[in-house]
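Contents: one structure, followed by commentary.
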Amino acid sequence: MEAYYFEIRAVHVAAALASGGFCLMRALALNLLAASWPPSLLARLASYAIDTVLFTAALMLTAVTRQYPFVDTWLTMKVVVMLPLYIFLGYWALRAKAFKLRLAAMAGAIAAFLFIYSIARKHSPLGMFALG
Ligand code: HEM
């Protein structure tokens, strides 16, 4: 395997967990505790910083492993289909006006994140639903 593959993957996975964990913390604090910090500039900047690390490591991984969206089906499913859906749901979990809509979006975002994670682990577009 190419140089630094394991190091880059470790950074990518750590950033993915930090990104999902922080997004979940913000959504829970906003929706269940009615906290005021989740939409603040500082919280948004922290989330941009984590996601920049996540995405940079992701691009490096595609180069190092020579796996690309639109070429490898699991990456197409992960990046082209599920990632936009996850971002959309995460956005509405924090921004929707109606409380019930924010809760529904939060539940959807959690499910989408878990599915993305399982797609990455299995290298299959079916993720956790793949046989074997
Ligand atoms: C919410 C966003 C993301 C999550 C939760 C996530 C999660 C993961 C995880 C857990 C792995 C390790 C899989 C393993 O153990 O083999 C991984 C690997 C990888 N991810 Fe991501 N990822 C995300 C975003 C992205 C994006 C945006 C891209 C591409 C632009 C990407 C490309 C890759 C590649 C190429 C690998 C290497 C797989 C291999 O070792 O063969 N990821 N991702």
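First listed ligand is number 1; within each ligand, the first listed atom is number 1.
The environment of CZ in R95 is crowded: more than 12 heavy-atom neighbours from other residues, nucleotides or ligands sit within 6.0 Å. Remark: L45 CG is packed, more than 12 non-hydrogen atoms of other residues, nucleotides or ligands lying under 6.0 Å away.
A distance of 7.0 Å separates CG in L61 from OH in Y5, rounded to the nearest 0.5 Å. Once rounded to the nearest 0.5 Å, the distance linking NE2 of H12 with OG of S19 reads 10.0 Å. With values rounded to the nearest 0.5 angstrom, I116 atom CD1 is found 8.0 Å from L85 atom CG. Y68 OH to L75 CG: the interatomic distance, rounded to the nearest 0.5 Å, is 10.5 Å.
In terms of protein heavy-atom proximity, atom 15 (O) of ligand 1 is nearest to R121 NH1, 2.7 Å. Among protein heavy atoms, atom 17 (C) of ligand 1 sits closest to H12 CD2, 3.4 Å. Closest to atom 16 (O) of ligand 1, if we only count protein heavy atoms, is R9 NH1, 3.5 Å. Among all protein heavy atoms, the one lying closest to atom 32 (C) of ligand 1 is L75 CD2, 3.6 Å. For atom 9 (C) of ligand 1, the nearest protein heavy atom (residue, atom name, distance) is A120 CB, 3.4 Å. At the top of the distance list for atom 41 (O) of ligand 1, counting protein heavy atoms only, stands Q67 NE2, 2.7 Å. The shortest contact between atom 3 (C) of ligand 1 and any protein heavy atom is with I116 CG2, 3.9 Å. Atom 12 (C) of ligand 1 has as its closest protein heavy atom V13 CG2, 3.7 Å.
Atom 5 (C) of ligand 1 has its nearest heavy-atom neighbour, among A14, G90, A16, A10, in A16. Comparing heavy-atom distances from atom 27 (C) of ligand 1 across T56, D51, L83, D72 singles out L83 as nearest.
With ligand atoms numbered from 1 in the order given, ligand 1 contributes 25 (C), 26 (C), 28 (C), 29 (C), 30 (C), 31 (C), 42 (N) to contacts under 4.0 Å with heavy atoms of A58. For ligand 1, the atoms closer than 4.0 angstrom to any heavy atom of Y117 are 10 (C). Within ligand 1, counting atoms from 1 as listed, the ones closer than 4.0 Å to a heavy atom of Y5 are 39 (C), 40 (O). Of all the atoms in ligand 1, the ones that sit under 4.0 Å from a non-hydrogen atom of F113 are 5 (C).
A donor-acceptor pair under 3.5 Å links the side-chain atoms of R102 to the main chain of K97, judged by distance alone. In terms of modelled atom types and a separation under 3.5 Å, the side chain of R26 and the main chain of P39 share no donor-acceptor contact. With hydrogens and angles ignored, the 3.5 Å screen pairs a side-chain donor or acceptor of T56 with a backbone N or O of T52.
Taking only nitrogen or oxygen atoms, main chain and side chain alike, H123 reaches within less than 3.5 Å of ligand 1. Among the atoms of K78, some N or O lies under 3.5 angstrom from an N or O of ligand 1. Considering backbone and side-chain N/O atoms, T65 never comes within less than 3.5 Å of an N/O atom of ligand 1. The shortest N or O to N or O distance between Y86 and ligand 1 is not under 3.5 Å.
A heavy-atom distance below 4.5 Å is found between the side chains of L103 and L32.
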task: Go through the steps for R66 and V71 under the test side-chain contact (heavy atoms from CB on, under 4.5 Å), then give the verdict.
output: CA-CA 10 Å; R66 296 188 181 86; V71 177; over 6 Å; no

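Counting heavy atoms closer than 4.0 Å to ligand 1, residue L61 contributes atoms from both its backbone and its side chain.
Cluster membership for F88 and Y117, using ILVMFWY side-chain heavy atoms within less than 4.5 angstrom, is not shared.
At least one heavy atom of W74 sits closer than 4.0 Å to an atom of ligand 1. Remark: distances from the non-hydrogen atoms of L17 to ligand 1 are all 4.0 Å or more.
By the 30° and 60° cut-offs, the orientation of the rings of Y86 relative to F113 is tilted.
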